[in-house]
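Chain naming here is simple, since letters A, B, ... match the order of the sequence lines and numbering starts at 1 in each.
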Amino acid sequence: MENLKTILSKAVVDIFKQKFDTEIAAENLTFSDTSKNFEGDITLVVFPLLRYSKLKPEATGETIGNELVQLDIVESFNVVKGFLNLIISDTYWSTYFKGIFANDDFGKGVQKEKKVLIEYSSPNTNKPLHLGHVRNNVLGSAVAGILKAAGYQVHTCNLVNDRGIHICKSMLAWEKAGAKDTPDNTGLKGDKLVGSYYVEFEKSLQAQAQPLMEKVLAKDFSDINKDEKQKIQDAVSRYYDADESKKADLKDAVKTLIRNATPIMHEAREMLQKWETGDREVLALWNKMNGWVYDGFDVTYKALGVSFDKTYYESNTYLLGKNIVEEGLTKGILFKKEDGSVWIDLTDEGLDQKLLLRADGTSVYMTQDLGTADLRYQDFKMDQSVYVVGNEQEYHFQVLKLILKKLGRTYADGIYHFSYGMVDLPSGKMKSREGTVVDADDLIDEMIATAKKNTIELGKMDEFTSEEAGNLYRIIGLGALKFYLLRVDPVKRILFNPQESIDLQGYTGPFVQYSYARIQSIMRRFYKDYQELQVQNLQDLKPIEKELIIKMSQYPDTVEFAASELNPAKLVDYIYELAKLYNKFYSELSIFNDGDDNTHKRCTLSLMTGRILKSGFNIVGMDVPDRM
RNA sequence: GGCCUCAUAGUUCAAUGGAUAGAACGAAAGUUUCCUAAACUUUAAAUGCAGGUUCGAUUCCUGCUGGGGCUACCA
């Protein structure tokens with residue numbers, strides 16, 4: 001069906017042709033919602049048209065308004081300064097509403113050719129998922145859902161960082177602790193077990209690094225092996241020579257070198273090299289421990305309700321990356337330093353030199369990302385590739401895109417880093433060393449437990465079986481959590497206040513869910529009392545009824561907008577507003593005590609509202625309950 | 001130092017360059033013989049600072065102040 005703005009745009013273009021003898025482009029017309037302080041269903045902003053009309057704002061508005069009321073759909077108008085407020089006829093809204101009511105796919109965009117691949121989650125296998133990953137997963141699956149709803153061909157993937165020094169640290173610590181704990185004999189979730197050994201490793205590392213640091217700062221280098229001695233001596237003298245203002249940074253630099261110079265780090269790096277050369281024992285251990293981690297991740301993903309069309313593993317792609325590095329060397333895009341390390345010089349692009357292969361031949365993050373990029377393109381041939389990764393990696397993706405471009409990869413242009421802000425706690429940043437990281441599983445459990453507690457307190461569980469109840473708590477708890485994370489513009493940091501996040505009132509997921517459940521309750525009663533819903537002409541629309549229809553009419557545009565902006569918050573906010581408006585409608589008007597016509601009309605409106613609330617929530621990965 | 005990013009009621013968030021800047025929480029007051037009060041109604045309360053572009057700036061540009069990030073042979 002033709003959209004209101006389209007109809008009005010055409011009419012206004014005609015008016016300008018006839019009245020002012022000028023051609024204006026329909027795209028230049030700005031229609032906006034009418035401000036609450038004025039009467040109208042939709043507003044045309046006439047300021048931009050003054051140069052065509054050559055009249056004052058009021059006169060221009062009057063002229064356009066006088067012509068528009070000739071249309072059946074425009075009932076009346078008023079002009080305030082440069083704003084032409086139009087009142088649209090009930091007949092139009094009635095016809096329009098019947099159209100969208102009959103459309104099962106209302107809100108969904110037309111199918112598009114464009115193919116998009118969305119990568120999100122991307123965990124490391126050395127520790128469990130935390131709140132930061134939760135934001136990533138929730139955003140990633142929401143963006144995928146929105147693009148799908150907007151009509152794009154969407155695929156999702158996960159890139160698991162399953163190899164590298166971090167997992168070797170856990171492996172080493174596990175071996176040193178006797179190599180006997182398993183998820184089975186400890187009862188721990190696999191990722192938790194492996195993560196605990198990562199923590200163990202860090203403790204041992206700390207224990208070795210601290211005395212070494214003290215010695216070195218006292219200029220005693222006897223415990224440093226000769227390969228590292230020179231660098232460390234240099235760093236220490238830079239530290240002592242520096243001004244006060246720079247001392248902290250330079251001390252950190254020394255610390256980093258010291259950490260790398262500890263015996264336990266040497267062991268970890270040896271293990272990594274063994275891994276890269278295919279040492280069977282190391283590989284077996286690696287497989288075993290990663291397997292535990294995947295079992296653990298599966299539980300978390302399932303609890304979060306996210307999934308992927310394809311999972312990539314760095315262990316399968318880093319070699320491809322090494323080949324690409326070779327290719328780059330051959331093409332003269334990359335260069336080798338004396339120590340054998342490979343770099344790209346991006347100083348011409350305003351960036352720095354970037355390492356692609358270590359001196360010992362092992363690969364870094366960038367190396368495997370190059371390989372993965374090629375592989376993904378072979379698999380999906382996508383037009384656009386969205387990486388949902390935190391904003392601390394903006395530089396990385398800038399470099400990745402540049403390198404791929406220099407290598408002549410045509411798909412490089414389609415690479416888009418969906419960069420989102422970090423999650424902070426009221427106490428500040430999450431820091432694993434300080435134990436302030438919010439664990440994903442714990443968080444989910446806590447949300448569900450709070451949902452349970454509140455629901456029981458409200459005494460609403462009489463009609464539920466225990467299975468239904470458990471399901472309800474899960475829907476509410478996750479709805480609260482996801483809504484809390486999605487309602488904020490992705491580019492912004494989120495302040496995660498545990499207290500607030502589990503609020504179930506106000507601007508929250510449960511508010512929307514409650515509105516939906518209310519509607520279902522209405523509809524249950526309706527079908528009990530009446531045979532079937534008669535979708536008649538909607539007559540005598542009350543202001544709130546019309547407002548509700550207008551709000552519903554904006555759903556498809558909102559989905560489209562959220563897709564073009566890649567911003568789930570736009571859709572989430574709209575759904576909340578619709579629910580809020582519905583609650584107002586619900587309290588202002590009686591559905592069952594105002595005559596049969598009104599009952600049918602208001603149930604039709606209720607049913608449609610419910611469909612949109614559900615559809616919108618589902619798109620971004622949330623669920624709604626039939627009763628709560 | 002360089003690059004990127006953010007700054008709006010007491011707090012957490014909104015506002016395709018458009019009207020008198022919206023919500024929620026918190027604060028104050030009210031609504032339940034009637035469809036689910038996890039709701040609704042009312043009150044008080046905000047654009048960091050200084051310029052510029054524009055008919056019009058919270059939005060775009062410049063500078064400043066403040067927070068965060070990046071600038072690793074970590075990922």
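Across all strands, A:Thr455 comes closer than 4.0 Å to base atoms (heavy-atom distances). Contact annotation for A:Phe31: base contact, defined as any heavy-atom pair under 4.0 Å involving a base atom. Residue A:Asp424 is out of contact with every strand shown, counting any heavy-atom pair closer than 4.0 Å. Residue A:Met422 is classed as having no contact, given no heavy-atom separation below 4.0 Å to the nucleic acid. Here A:Val45 lies in heavy-atom contact (under 4.0 Å) with a base. Using a 4.0 Å heavy-atom cutoff across all strands shown, A:Leu495 reaches sugar-phosphate atoms only and no base atom. Counting any heavy atom pair closer than 4.0 Å across all strands shown, A:Thr30 reaches a base atom. Looking at heavy-atom distances under 4.0 Å, A:Leu589 makes contact with a base. Within 4.0 Å (heavy atoms only), A:Ala517 reaches at least one base atom of the nucleic acid. The residue A:Gln393 sits close to a base: some heavy atom pair falls under 4.0 Å. Using a 4.0 Å heavy-atom distance criterion, A:Thr43 is classed as a base contact.
For A:Tyr586, whose side chain is taken as the heavy atoms from C-beta onward, the closest listed nucleotide among B:rG68, B:rC35, B:rA24 is B:rC35. Listed nucleotides: B:rC70, B:rU16, B:rC6. Nearest to the side chain of A:Tyr395: B:rC70. Of the candidate nucleotides B:rC13, B:rA19, B:rC40, B:rA19 has the atom lying nearest to any side-chain atom of A:Lys81. Here the nucleotide nearest the side chain of A:Lys580, chosen from B:rU16, B:rG68, B:rA24, is B:rA24. Here the side chain of A:Thr256 is nearest to one of B:rA14, B:rU20, B:rA72, namely B:rA72. Closest to the side chain of A:Val491, from the set B:rC6, B:rC35, B:rU12, is B:rC6. When the nucleotides B:rA24, B:rA37, B:rA7 are ranked by their closest atom to the side chain of A:Tyr507, B:rA24 comes out on top.
One finds the CZ atom of A:Phe585 at 11.0 Å from the NZ atom of A:Lys542 (value rounded to the nearest 0.5 Å).
Salt-bridge formation is not detected for the pair A:Glu468/A:Arg627: no Lys NZ or Arg NE/NH1/NH2 atom is positioned less than 4.0 Å from an Asp or Glu carboxylate oxygen. Between A:Asp594 and A:Arg602, at least one side-chain N (NZ, or NE/NH1/NH2) sits under 4.0 Å from a carboxylate O, which counts as a salt bridge. Electrostatic pairing of A:Glu228 and A:Arg269 counts as a salt bridge here, judged by a charged N lying under 4.0 Å from a carboxylate O. Residues A:Lys56 and A:Glu62 are not paired through a salt bridge, judged by the lack of any N-O separation under 4.0 Å between the basic side chain and the carboxylate. Taking 4.0 Å as the cut-off between side-chain N and carboxylate O, A:Lys601 and A:Asp597 do not count as a salt-bridged pair.
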Close N/O contacts between protein and nucleotides 52-59 of chain B (under 3.5 Å):
none

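Between A:Lys584 and B:rA39 there is no side-chain N or O to OP1 or OP2 distance below 4.0 Å. In terms of phosphate contacts, A:Lys354 brings no side-chain nitrogen or oxygen within less than 4.0 Å of OP1 or OP2 of B:rC74. Close to B:rA38, at under 4.0 Å from its OP1 or OP2, lies a side-chain N or O of A:Tyr514. Checking the phosphate oxygens (OP1, OP2) of B:rA37, no side-chain nitrogen or oxygen of A:Lys460 falls inside 4.0 Å. For A:Arg358 and B:rC74, the shortest distance from a side-chain N or O to OP1 or OP2 is below 4.0 Å. Put simply, A:Arg493 has no side-chain N or O that comes within less than 4.0 Å of OP1 or OP2 on B:rA7. Here A:Ser521 reaches the OP1 or OP2 of B:rU36: one of its side-chain N or O atoms lies under 4.0 Å away.
Side-chain N or O atoms of A:His417 include one that pairs as donor or acceptor with a backbone N or O of A:Val389 at under 3.5 Å.
Remark: B:rU20 base-pairs with no nucleotide; criterion is Watson-Crick or G-U wobble with both hydrogen-bond distances under 3.5 Å. Base pairing of B:rG56 is not made with any nucleotide, judged by Watson-Crick or G-U wobble geometry with both donor-acceptor distances under 3.5 Å. Of the nucleotides present, B:rU71 is the one that pairs with B:rG1 by Watson-Crick or G-U wobble criteria, both distances under 3.5 Å.
Atom CG of A:Leu581 is separated from atom P of B:rA14 by 21 Å (rounded to the nearest Å). One can place CG of A:Asn567 at 8 Å from P of B:rA15, the figure rounded to the nearest angstrom.
Ranked by how close their nearest RNA chain B nucleotide is to the 5' end, A:Asp360 and A:Ile591 are led by A:Ile591. When the nearest nucleotides of RNA chain B are assigned to A:Lys570 and A:Tyr484 by heavy-atom distance, the more 5′-ward of the two goes with A:Tyr484.
Taking the 5.5 Å centre cut-off and the 30° plane limit, the aromatic side chain of A:Phe511 is not classed as stacked on B:rA38.
Nucleotides B:rU43 and B:rU8 place their P atoms 25 Å apart, quoted to the nearest Å.
A donor-acceptor contact under 3.5 Å links the side chain of A:Asn85 to the base of B:rA19.
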**Verdict with supporting geometry, A:Lys322 and A:Glu276, salt bridge (charged side-chain N to carboxylate O under 4.0 Å, His left out)** = CA-CA 12 Å; A:Lys322 284 189 171 181; A:Glu276 291 216 7; 3.0 Å; yes
**Message:** Evaluate A:Phe397 against A:Tyr416 for ring-ring contact (aromatic ring centres under 6.0 Å, His included), listing each step before the verdict.
**Reply:** CA-CA 8 Å; A:Phe397 281 100; A:Tyr416 178 79; over 10 Å; no
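Taking the six-membered ring where tryptophan is involved, the planes of A:Tyr576 and A:Tyr507 are tilted, since the angle between them lies from 30° to 60°.
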